[in-house]
Protein chains: 2
Amino acid sequence: MHIAYMLCASKVASPRSRRDRARTRETSGTNRPLAPSVGRKRVSGAPVTDERAFLASYDPAAFDRPSVTVDVALLSAFDGSLHTVLVRRREPPFAGRYALPGGFVKMEESLPTAALRVLTQKTGLRRVFLEQLYTFGEPNRDPRTRVVSVAHYALVEPARLQKAAKDNPDTVVASVELTPASDSVERAAVRDSEGTPLSLAFDHAEILATAVRRIRGKLDYTPIGFQLLPDRFTLLDLQRVHETVLGRPLNKDSFRRRMLASGEIEPTGESQTGVDHRPAELFRFVRRSAV
Amino acid sequence: MHIAYMLCASKVASPRSRRDRARTRETSGTNRPLAPSVGRKRVSGAPVTDERAFLASYDPAAFDRPSVTVDVALLSAFDGSLHTVLVRRREPPFAGRYALPGGFVKMEESLPTAALRVLTQKTGLRRVFLEQLYTFGEPNRDPRTRVVSVAHYALVEPARLQKAAKDNPDTVVASVELTPASDSVERAAVRDSEGTPLSLAFDHAEILATAVRRIRGKLDYTPIGFQLLPDRFTLLDLQRVHETVLGRPLNKDSFRRRMLASGEIEPTGESQTGVDHRPAELFRFVRRSAV
DNA sequence: TTGACATAGATGCACATCGCATATATGCTC
DNA sequence: GAGCATATATGCGATGTGCATCTATGTCAA
């Protein structure tokens with residue numbers, strides 16, 4: 001993540017719009033929210049005589065609260081590329097385009113719980129590694145209303161990702177590639193299984209790019225790879241995962257030495273079968289339980 | 001950050017409470033918010049005849065939106081410790097305890113803009129390095145209502161931090177130390193300038209701990225240190241900053257070699273004055289402008 | 001004026017790691 | 001059983017780090 005800000009408070013100014021009429025709650029004194037008096041006051045203080053007039057004058061922003069959603073970048077590594085699951089949108093905005101699995105945060109559920117629930121609803125996946133990624137909250141990232149989305153990333157092995165997309169309607173598997181875009185604003189480019197570029201909704205290309213950069217960074221100091229592999233795997237399997245995530249080839253020998261020395265993996269004693277060459281030993285991650 | 005989740009969706013269940021009666025918006029079909037129809041429907045669909053009855057039955061959660069706030073962990077390194085600025089709370093909850101500068105996100109401002117605005121309001125600081133840290137959204141982290149806080153961290157040089165706290169009422173400078181707490185839940189312990197432990201409000205000890213871990217991690221691969229130093233500094237100054245952030249001593253020679261080889265700093269040609277030993281050369285960060 | 005002192009800054013060396021090359025091992029296919 | 005493809009082990013030079021040593025240079029005290 002290379003997002004840093006060093007601005008003056010005067011930059012708060014924003015273009016006039018319908019929302020500018022919204023009441024804003026001052027935060028002097030306490031810096032914490034009270035019960036949402038704004039919504040209440042508006043309703044009780046101004047009795048509604050004409051429902052149509054009320055609806056016309058109704059301003060969602062009067063409640064002074066962004067919507068809070070979660071989006072999940074589900075990633076897996078195979079065929080030399082990172083892949084994700086996208087949901088085809090049936091309704092505007094961005095109808096026909098593809099979005100990350102996402103949805104509202106319920107009032108009583110935590111953020112990771114919401115992310116896992118949403119992921120289960122869209123993909124059927126139940127036990128997946130998931131971490132918070134970054135929160136996207138630009139005022140106009142959703143054309144309808146202010147939406148703050150707490151993005152997460154999740155990792156699964158390839159078979160589970162592909163099954164999830166096949167079993168669920170409106171979902172597709174897409175390859176993800178970071179495009180070294182102009183003026184340093186890296187985006188993610190996604191393609192379906194036939195190589196056709198897909199068009200992403202909202203700022204989801206940015207979210208995906210952030211997810212890819214995050215797991216690249218984590219790979220260096222965290223044994224993240226085992227979330228992307230089945231229980232048993234060869235060292236070459238693991239290396240291919242690392243190479244796919246990092247997007248560059250790695251030296252085989254030093255990769256092997258480093259992994260064996262790391263203490264993160266242990267030999268199972270078993271070997272590959274059914275390969276037309278010397279079978280490699282199968283390894284397993286030591287701390288698979290300690291997710 | 002070592003927060004990962006691998007749960008079943010069935011874990012969503014939560015204790016019964018007043019909020020459980022709140023309507024929850026289903027997200028089937030589209031995974032994006034529409035205009036907040038819940039708030040509207042509640043008012044228009046169930047005409048209110050008795051205002052007192054309405055208020056009694058009024059449920060803030062019916063609007064189905066958490067409040068969104070920003071909190072800022074402002075950090076600086078001096079006297080061998082990391083320090084931050086805290087605001088003394090005058091009102092409940094947590095009256096008398098200390099909190100990070102924080103406040104609501106306005107409907108038209110971005111998250112970093114909100115964080116910078118809040119920081120300016122509480123400390124008077126205007127141009128500071130600031131990045132998003134992590135979003136804290138446990139359902140009961142605020143005893144009054146659901147509050148999702150997008151925490152940020154900010155870095156300044158020591159003089160600016162101390163001036164900010166001196167110039168603003170209800171603010172104090174506090175040292176921050178990570179306590180290797182039991183069962184791996186690391187917390188931050190804060191003390192005032194006299195060494196007296198301060199009690200933090202909400203989950204702000206966790207936020208501070210997350211901020212410290214974040215800059216420790218970033219220090220290894222990012223020239224973050226220059227945000228914590230004045231324009232010109234000696235290599236020993238820089239090393240002391242690194243040691244304070246990391247919480248451990250560093251080898252002087254290899255630190256020197258590594259910094260000079262990194263290309264991040266350049267000599268100014270000037271030297272220290274007024275020290276009772278051989279004066280060291282003053283350096284400057286190459287990319288200071290590229291915040 | 002001069003020498004003690006404290007830190008700056010440079011150099012040399014042992015050690016670990018990495019990239020690269022080479023050599024050997026082993027199961028499969030024909 | 002030969003050939004093949006990959007696994008696995010070993011050796012070597014380049015590089016970075018920790019540690020020790022040596023020299024440089026300003027201030028301070030006599």
Side-chain angles (χ1 to χ4, degrees), chain A residues 78-80 216-217 219-223 225-226 229-286, chain B residues 78-80 216-217 219-223 225-226 229-286:
Chain A
F78 54 88
D79 293 350
R216 277 189 185 171
L219 206 55
D220 288 335
Y221 61 96
T222 315
F226 73 100
L229 287 168
D231 279 344
R232 278 132 203 266
F233 52 87
T234 68
L235 280 169
L236 190 54
D237 292 335
L238 183 58
Q239 183 175 347
R240 273 196 275 256
V241 165
H242 278 237
E243 288 176 336
T244 300
V245 171
L246 297 176
R248 62 186 167 87
L250 296 172
N251 181 275
K252 183 178 169 179
D253 302 277
S254 50
F255 182 81
R256 175 184 201 82
R257 273 183 303 214
R258 190 155 43 92
M259 284 301 142
L260 291 175
S262 72
E264 301 286 359
I265 63 176
E266 62 186 9
T268 63
E270 301 171 46
S271 291
Q272 275 182 315
T273 55
V275 286
D276 67 343
H277 55 265
R278 173 176 173 177
E281 184 162 20
L282 292 174
F283 288 81
R284 137 185 73 214
F285 274 94
V286 175
Chain B
F78 54 88
D79 292 351
R216 278 188 184 172
L219 205 55
D220 288 335
Y221 60 95
T222 316
F226 73 100
L229 286 168
D231 278 344
R232 278 133 203 264
F233 53 87
T234 68
L235 281 168
L236 190 54
D237 291 336
L238 182 58
Q239 182 174 348
R240 274 196 273 255
V241 166
H242 278 237
E243 289 176 334
T244 300
V245 171
L246 297 176
R248 62 184 167 86
L250 295 172
N251 181 275
K252 182 178 168 180
D253 302 276
S254 48
F255 182 82
R256 175 185 201 81
R257 272 183 305 212
R258 189 155 43 91
M259 285 301 141
L260 291 176
S262 73
E264 301 287 357
I265 62 176
E266 62 186 10
T268 63
E270 301 170 45
S271 292
Q272 276 181 314
T273 55
V275 288
D276 67 342
H277 54 267
R278 173 175 173 178
E281 184 161 19
L282 292 174
F283 288 81
R284 134 184 78 212
F285 274 94
V286 173

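Sequence lines set the chain letters: A, B, ... in the order given, protein chains first and strands last, and positions in each chain run from 1. All values below come from the heavy atoms of this structure, side chains included, with hydrogens, waters and symmetry mates left out.
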Here the distance between atom P of C:dG27 and atom CD of A:E270, to the nearest Å, is 15 Å

Just how far is it from atom CG of B:L235 to atom NZ of B:K252, taken to the nearest 0.5 Å?
9.5 Å

Short of 4.0 Å, heavy atom to strand atom, which residues of residues 254-262 of chain B count as contacting DNA chain C?
B:R256, B:R257

What are the residues of residues 237-253 of chain B, sorted by number, that bring a heavy atom to within less than 4.0 Å of DNA chain C?
B:K252, B:D253

With heavy atoms under 4.0 Å as the rule, sort B:E281 into base, sugar-phosphate or nothing.
sugar-phosphate

Are the side chains of A:F285 and A:L238 in contact, using a 4.5 Å heavy-atom criterion?
yes

Rounded to whole angstrom units, what separation is found between the CD atom of B:Q272 and the C1' atom of D:dT25?
12 Å

Kindly say whether A:V245 contributes a backbone atom to a donor-acceptor pair with the side chain of A:R216 at under 3.5 angstrom?
yes

What's the separation between atom CZ in A:R284 and atom CD in A:E266, rounded to the nearest 0.5 Å?
4.5 Å

Regarding the side chain of B:R278, the nearest nucleotide among C:dG27, C:dA25, C:dA6 is C:dA6

Which value, rounded to the nearest 0.5 Å, describes the distance between B:R257 atom CZ and B:N251 atom CG?
7.5 Å

What's the NE2-P distance between B:H277 and D:dT27, to the nearest Å?
10 Å

Would you give the length of the straight line joining atom CE of B:M259 to atom CG of B:L250, rounded to the nearest 0.5 angstrom?
8.5 Å

In whole angstroms, the gap separating C1' of C:dA8 from CZ of B:F283 amounts to 10 Å

Once you apply a heavy-atom cut-off of 4.0 Å, does A:L236 come out as touching a base, just sugar-phosphate, or nothing?
sugar-phosphate

Parallel, tilted or perpendicular: which fits the ring planes of A:F255 and A:H242, with parallel below 30° and perpendicular above 60°?
perpendicular

When rounded to the nearest 0.5 Å, the distance separating CG of A:L219 from CG of A:L246 is 5.0 Å

